[in-house]
Undergrad: 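Take a look at the following structure, please.
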Protein chains: 2
Amino acid sequence: MRVIAREVGVQAGALYNYIPDKQTLLHELMRDHLLELHEAVGPCLVGAAPARLEAFVRFHIAFHHARPDAVFIAYMELRNLTPENFAEIEGLRRRYEQLLAEMLHAGVEEGAFSVPDEKVASMAIIAMLTGVNTWFREDGRLSLGDVQNMYWQMVARMVSVSGTVSS
Amino acid sequence: MRVIAREVGVQAGALYNYIPDKQTLLHELMRDHLLELHEAVGPCLVGAAPARLEAFVRFHIAFHHARPDAVFIAYMELRNLTPENFAEIEGLRRRYEQLLAEMLHAGVEEGAFSVPDEKVASMAIIAMLTGVNTWFREDGRLSLGDVQNMYWQMVARMVSVSGTVSS
DNA sequence: ACGCTAACTGAACGCGTGTTCATATCCAAG
DNA sequence: CTTGGATATGAACACGCGTTCAGTTAGCGT
């Protein structure tokens with residue numbers, strides 16, 4: 001709280017003219033983050049399953065790379081939430097995971113995808129995509145575009161029907 | 001500290017007959033965890049690349065599933081380490097990641113694997129495997145064996161030369 | 001039985017935390 | 001010019017943390 005206050009150029013007590021308490025602040029930060037995520041992922045949800053999946057992979061990497069602080073807070077402070085607040089945040093995150101699971105399901109029905117389990121595959125993909133944030137550095141060997149391409153290629157192979165890799 | 005003491009059935013001060021401070025305790029916990037990891041992964045490093053990779057996938061999932069507390073601490077308390085302690089832990093973790101990267105490299109040279117980038121692929125695979133700990137529950141729909149099978153299938157597809165999936 | 005050492009207690013310390021509140025300051029409306 | 005409401009201050013609070021230490025206890029060798 002005092003760090004936030006200093007960064008805003010104010011004393012700690014003054015923050016409480018704008019937030020009831022820290023719990024609410026964290027909860028609203030996480031909720032806003034996830035609502036923005038849901039809003040921004042919208043355009044990725046149109047078209048055939050493979051195109052949707054490719055858009056999703058690239059989007060997820062870019063979106064989370066642009067918001068390292070929000071991702072950090074969402075990960076680190078999740079356990080400090082009230083049970084009710086935790087439930088809401090968890091629900092929003094699950095809905096996001098379901099978007100991917102439904103995408104995989106559609107791809108399987110289209111005959112384009114093949115996965116051992118749609119839910120498990122969605123968890124695996126999201127974990128692997130979110131993991132980019134832990135190692136990718138802007139000034140490294142690879143550009144973000146490179147990484148997006150590589151991850152899309154790996155995901156495509158992972159879920160494609162045997163032997164068909166689109167690009 | 002007081003929680004640990006209570007769990008051991010002792011007062012907090014008594015702990016300091018065994019550890020100099022909390023920092024050292026955390027550091028030793030993490031180092032022991034990673035040394036055990038390196039020791040246990042050994043048997044996975046023999047044979048042809050595909051067999052090694054399969055063993056590695058199954059091993060990583062099982063090993064981390066059996067040690068949720070150690071995994072949690074290694075993740076959560078990493079930032080509270082002294083720079084020197086952090087460097088040592090980070091080094092051990094990087095050596096583990098390199099084992100996988102070298103395995104992928106060998107597989108590529110054998111003509112069995114194809115990945116966009118060995119280092120990136122190793123980060124992706126490890127993130128996806130470690131992610132199992134965040135959602136898998138013993139009493140859920142799937143057994144750990146099921147999950148191991150599914151993840152091996154996904155990883156195999158992800159790194160296999162186009163169109164060849166072993167099982 | 002005695003004494004020595006190792007181990008444990010219980011209280012305290014300094015510090016950092018989230019939060020509150022009486023007081024002061026500013027600025028626009030009457 | 002006065003006044004009232006919004007906003008900021010700075011000091012204090014209660015609490016939890018890691019850590020220390022003088023004093024107590026327990027157990028073993030002689």
Side-chain angles (χ1 to χ4, degrees), chain A residues 1-37 64 66-94 130 133-134, chain B residues 1-37 64 66-94 130 133-134:
Chain A
M1 284 297 123
R2 287 180 230 262
V3 170
I4 294 175
R6 180 156 39 80
E7 206 124 339
V8 183
V10 110
Q11 211 74 14
L15 295 179
Y16 291 84
N17 291 322
Y18 306 93
I19 5 156
D21 50 33
K22 185 190 178 186
Q23 167 81 204
T24 307
L25 171 63
L26 286 175
H27 173 59
E28 286 182 2
L29 281 176
M30 297 195 206
R31 197 190 47 202
D32 288 358
H33 170 65
L34 285 167
L35 290 179
E36 195 185 358
L37 177 70
H64 286 78
R67 294 159 182 80
D69 295 357
V71 173
F72 179 81
I73 286 182
Y75 229 78
M76 230 58 177
E77 304 281 354
L78 196 65
R79 307 166 200 281
N80 301 59
L81 291 184
T82 295
E84 306 88 49
N85 288 345
F86 178 84
E88 181 186 349
I89 299 302
E90 187 77 353
L92 283 169
R93 217 175 50 173
R94 254 214 272 278
T130 306
N133 261 38
T134 66
Chain B
M1 285 297 121
R2 287 180 231 263
V3 170
I4 293 175
R6 179 155 40 80
E7 207 123 338
V8 183
V10 110
Q11 211 74 14
L15 295 179
Y16 291 84
N17 292 322
Y18 306 94
I19 3 157
D21 49 32
K22 186 191 177 186
Q23 166 81 205
T24 307
L25 172 62
L26 286 175
H27 173 58
E28 286 181 2
L29 281 175
M30 296 193 205
R31 197 190 47 200
D32 289 356
H33 169 66
L34 284 167
L35 290 178
E36 195 185 358
L37 177 70
H64 287 79
R67 294 158 182 82
D69 294 357
V71 174
F72 179 80
I73 287 182
Y75 231 77
M76 230 56 177
E77 304 281 355
L78 196 65
R79 308 166 198 281
N80 301 64
L81 290 185
T82 296
E84 306 87 51
N85 288 346
F86 179 84
E88 180 186 350
I89 299 302
E90 187 77 354
L92 282 169
R93 218 175 49 174
R94 254 213 272 278
T130 307
N133 261 37
T134 67

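Below, chain A is the first sequence line, B the second, and so on; all start at residue 1. Everything quoted here is computed from the prediction, not taken from an experiment.
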Undergrad: Would you say D/dA8 has OP1 or OP2 under 4.0 Å from some side-chain N or O of A/Y18?
TA: yes
Undergrad: Between P on C/dC21 and CG on A/D21, what's the gap in Å once rounded to a whole number?
TA: 14 Å
Undergrad: Measure from the side-chain heavy atoms of B/K22 and tell me the nearest of C/dT9, D/dT19, C/dG18.
TA: D/dT19
Undergrad: Whole angstroms only, please: what is the CG-P distance between B/L15 and D/dT20?
TA: 12 Å
Undergrad: Donor-acceptor pair, B/Q23 side chain versus B/N80 backbone, under 3.5 Å?
TA: yes
Undergrad: I would like to know whether B/L25 and B/M1 meet side-chain contact (heavy atoms from CB on, under 4.5 Å); could you show each step before the answer?
TA: CA-CA 10 Å; B/L25 172 62; B/M1 285 297 121; 3.7 Å; yes
Undergrad: Taking for each residue the nucleotide of DNA chain C with the nearest heavy atom, is it A/M1 or A/A14 whose nucleotide lies nearer the 5' end?
TA: A/M1
Undergrad: Nearest whole angstrom, please: distance from the C1' of D/dA8 to the CD of A/Q11.
TA: 9 Å
Undergrad: Can you tell which of D/dT9, C/dT19, C/dC8 lies closest to the side chain of A/A12?
TA: C/dT19
Undergrad: Take the protein atom CD1 of B/I19 and the nucleotide atom C1' of C/dC8, then report the distance between them rounded to whole Å.
TA: 15 Å
Undergrad: Send over the distance from B/L25 CG to D/dC17 P, rounded to a whole Å.
TA: 15 Å
Undergrad: Show, in sequence, the C-alpha distance, side-chain angles and deciding distance for B/L92 and B/H33, and conclude whether the side-chain contact (heavy atoms from CB on, under 4.5 Å) test is met.
TA: CA-CA 10 Å; B/L92 282 169; B/H33 169 66; over 6 Å; no
Undergrad: Please state whether the phosphate of C/dA6, meaning OP1 or OP2, lies under 4.0 angstrom from any side-chain nitrogen or oxygen of B/Y16.
TA: no
Undergrad: With distance as the sole test, does B/N133 use its side chain to make a donor-acceptor pair with the main-chain N or O of B/H64 at under 3.5 Å?
TA: yes
Undergrad: Ignoring hydrogens and angles, answer whether the base of C/dG18 and the side-chain atoms of A/R2 contain a donor-acceptor pair closer than 3.5 Å.
TA: yes
Undergrad: Are any of B/N17's side-chain N or O atoms less than 4.0 Å away from OP1 or OP2 of C/dA6?
TA: no
Undergrad: If I take atom CZ in residue A/R6 and atom P in nucleotide D/dT9, what distance separates them, rounded to the nearest angstrom?
TA: 14 Å
